[in-house]
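Chain identifiers are assigned alphabetically (A, B, ...) following the order of the sequence lines, protein sequences preceding nucleic acid strands; residue numbering begins at 1 within each chain. The basis for the numbers below is simple: all heavy atoms, side chains too, and nothing from hydrogens, waters or symmetry mates.
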Amino acid sequence: MSATPLPPPSILSFTDMATNLSEVHQSHAHMIKTGLIHSPAAAARLLSSAVATDELPALAYADSLFSRLPAPTSFAWNSMIRAHARAPDPAPALQLFYRMLHSPTRPDKYTFPFVLKACAALPEAFQIHARILKTGFGSDIFVLNTLLHTYAINGLTAEALKLFARMPQKDVISWNAMINAFVTHGLVGRARKLFDKMSERNVETWNFMISGYSNLGLVDQSRELFNLMPVRDIVSWNAMITGCARTGRFDEVISLFQEMQYGNVWPDECTFVNVLSACARVGSLGQGEWIRAYVDKNGIEIKGFLATALVDMYSKCGSIEKALQVFNNTSKKDVSTWNAMIDGLSSHGLGEHALRLFEEMPRNGLVPNGVTFVNVLSACSHEGLLNEGCRIFNDMARVYGIEPEIEHYGCMVDLLGRAGLLVAAEELLRRAPVKDAPVLWRSLLSACREHGDLELAEIAAKQLLELSPFDSSCYIQLSNVYALLGRWEDARMLREMMKVQGVKKEPGCSTIEVDGAIHEFFVGD
DNA sequence: TTAGGGTTAG
């Protein structure tokens, strides 16, 4: 190689500042023209700018640049390993690492965290662990923390604990990784013991504990820590809000959301999605519209999860027109957004429209999934679209490669049952992948009653009672069948059995928004 | 150049 020309600072700083591949290409062209490309340092900077763009084509480009480096420095190797570790397919990162081991360049302390990130499976992580010890990085806190994290997320709590105990020095990140290891496997009590022992905690420490409790539905415990923590960030609020949303504490979701407005934490997409989902569940159109206004005012793009949550909120709060408006005005929609819209139309009695939307999916580059078919089949069932429903059900596996699951069979039993095709419904039920699913028998039973086939109704009701002996509705259903058959003695006996078993009827419950306040009411109120 | 947290639709 010729003597390296003195790099003009302007082009190198332009290279460093490149934010997209086309700017990197410009630098490359300039370097070729000036001969700068022959400087290994300049080429390495080009390479690192390319991978920093995080664009997939940039990765291929960086690969080709890298292959032409005569003697890559450890920095160049590290950049390539990191870039591949972050890509959808991280396997080449490991191959690069093993090539590096056979090259004249030694791995350094930066190499291992990148390599560990690329370990999809545990055997690989164990090999890297051995290599870390062999190459003398077994006491680097960055390397060990990454290793700890790798074990933690792969469920190797015992390995993680062993490593944690042996670490020559630990920082708050090490403790957090250990807490995370326990929490992700539901061992929140053990996590709490560590948490209580910590002399220094940061906001992530608290967040790990809060989401750990929330994920187990222990929202009171999350709330206790949430109230105690000195500083809350957006993740803390979201973990708390998500926990409440998942356990049905919707009014608490909304008050948390209002509370966070007073702090200096700005809601993000995750917050909106969870609050909108709570609005949908309680039918709080007012609060939902408030979020919509907030999103519009702040120029937040409506796409993906947010679009789906808005469509769902408007549908469930009764405003199908606004749901359609969001749907039609959103350019970036994914299959979930379509599913939410199809479901909304179907539950508003617009099954034909729902079906048309389903048929438009392929033309819009979307592949229906299992949920899509639940929604579409249930639309057919509500509208009594027998032929369409049967055709779509048969196409699921044949055309779309999706094996029908219990939910799909449920829709079909419903569809056939409503059409009075009780024998076909029972036949289908017996072909379902999950035997003895109460939902299916319940569907069949109500169809039998509707069409007066009391003989089959008795079979279904008895089956149901056998499957869920503690469900009050099963006793009532069977006793109703006996009443219809005039078998009063059998009906009375069933009510008696219910008493003996201690089965009680739960009152139905719903909520409604009146003047911005959420009210709960029960059947019979 | 290096490690860690939260989300939708049936």
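Residue A:Asp312 places its side chain closer to B:dA9 than to any other of B:dT1, B:dA9, B:dG4. The side chain of A:Val371 approaches B:dG10 more closely than any other nucleotide in the set B:dG10, B:dG6, B:dA3. Closest approach to the A:Phe305 side chain among B:dT1, B:dT7, B:dG6 is made by B:dT7 (side chain taken as heavy atoms from C-beta onward). Of the candidates B:dT1, B:dT7, B:dG5, the closest approach to any side-chain atom of A:Arg82 belongs to B:dT1. Among the nucleotides B:dA9, B:dA3, B:dT1, the one closest to the side chain of A:Phe75 is B:dT1. For A:Cys270, the listed nucleotide lying nearest its side chain is B:dG6; candidates were B:dG6, B:dG4, B:dT2. Comparing atom distances between the A:Ile173 side chain and each of B:dG4, B:dT1, B:dG6 picks out B:dG4 as nearest. Of the candidates B:dT7, B:dT2, B:dG4, B:dT7 carries the atom nearest the A:Val273 side chain, counting heavy atoms from C-beta on. The side chain of A:Asn78 approaches B:dT1 more closely than any other nucleotide in the set B:dA3, B:dT7, B:dT1.
Across all strands shown, A:Asp171 has heavy atoms under 4.0 Å from base atoms, whether or not it also approaches the sugar-phosphate. At a threshold of 4.0 angstrom between heavy atoms, the contacts of A:Thr308 include nucleobase atoms, whether or not backbone atoms are also involved. At the heavy-atom level, A:Asn339 lies under 4.0 Å from base atoms of the strands shown. A:Phe208 comes within 4.0 angstrom of the backbone, heavy atoms only, and of no base. Using a 4.0 Å heavy-atom distance criterion, A:Arg246 is classed as a sugar-phosphate-only contact. Looking at heavy-atom distances under 4.0 Å, A:Asn274 makes contact with sugar-phosphate atoms alone, never a base. When heavy atoms are screened at a 4.0 angstrom cut-off, A:Ser336 is found touching base atoms of the nucleic acid. Contacts of A:Lys316 with the nucleic acid, taken as non-hydrogen atoms under 4.0 Å apart, involve only primed sugar atoms and P, OP1 or OP2. Contacts of A:Ile179 with the nucleic acid, taken as non-hydrogen atoms under 4.0 Å apart, are absent. A:Asp140 comes within contact range of no nucleotide atom at all, as no heavy-atom separation falls under 4.0 Å.
Taking atom CD1 of A:Ile392 as the reference point, atom C1' of B:dG10 lies 16 Å away to the nearest angstrom. Rounded to an integer number of Å, the gap from CG of A:Asp268 to P of B:dT7 is 11 Å. For the pair A:Arg232 CZ and B:dG5 P, the interatomic distance rounds to 21 Å; values are reported in whole Å. Look at CE on A:Met313: it is 16 Å from P on B:dT8, rounded to the nearest Å. Remark: P of B:dG6 and CH2 of A:Trp237 are 18 Å apart, rounded to the nearest angstrom. Spacing between atom CG of A:Asn176 and atom P of B:dG6 amounts to 13 Å, rounded to whole angstrom units. Straight-line distance from the CG atom of A:Asp108 to the C1' atom of B:dT2: 9 Å, rounded to whole Å. If you measure from atom CD1 of A:Ile132 to atom P of B:dT2, you get 17 Å, rounded to the nearest angstrom.
Two residues are said to be in side-chain contact when any heavy atoms from C-beta on lie closer than 4.5 Å; A:Thr372 and A:Trp338 fail this criterion. Looking only at side-chain heavy atoms (C-beta outward), A:Val275 and A:Cys279 come within less than 4.5 Å of each other. With contacts defined as side-chain heavy-atom distances shorter than 4.5 Å, the pair A:Asp220/A:Tyr213 does not qualify. Side-chain contact between A:Ile291 and A:Thr271 is absent, with no heavy atoms from C-beta onward closer than 4.5 Å.
Between the side chain of A:Asn202 and the base of B:dG4, at least one donor-acceptor pair of N or O atoms lies under 3.5 Å.
For B:dT8, neither phosphate oxygen OP1 nor OP2 lies less than 4.0 angstrom from any side-chain nitrogen or oxygen of A:Lys333.
Stacking between A:Phe142 and the base of B:dT2 is present: ring centres sit under 5.5 Å apart and the planes differ by under 30 degrees.
Aromatic pair A:Phe97/A:Phe112: centroids less than 6.0 angstrom apart.
Using a cut-off of 4.0 Å between Lys/Arg side-chain N and Asp/Glu carboxylate O, A:Arg223 and A:Glu259 are scored as salt-bridged.
Residues A:Thr337 and A:Asp334 have side chains that bring a donor and an acceptor to within less than 3.5 angstrom of each other.
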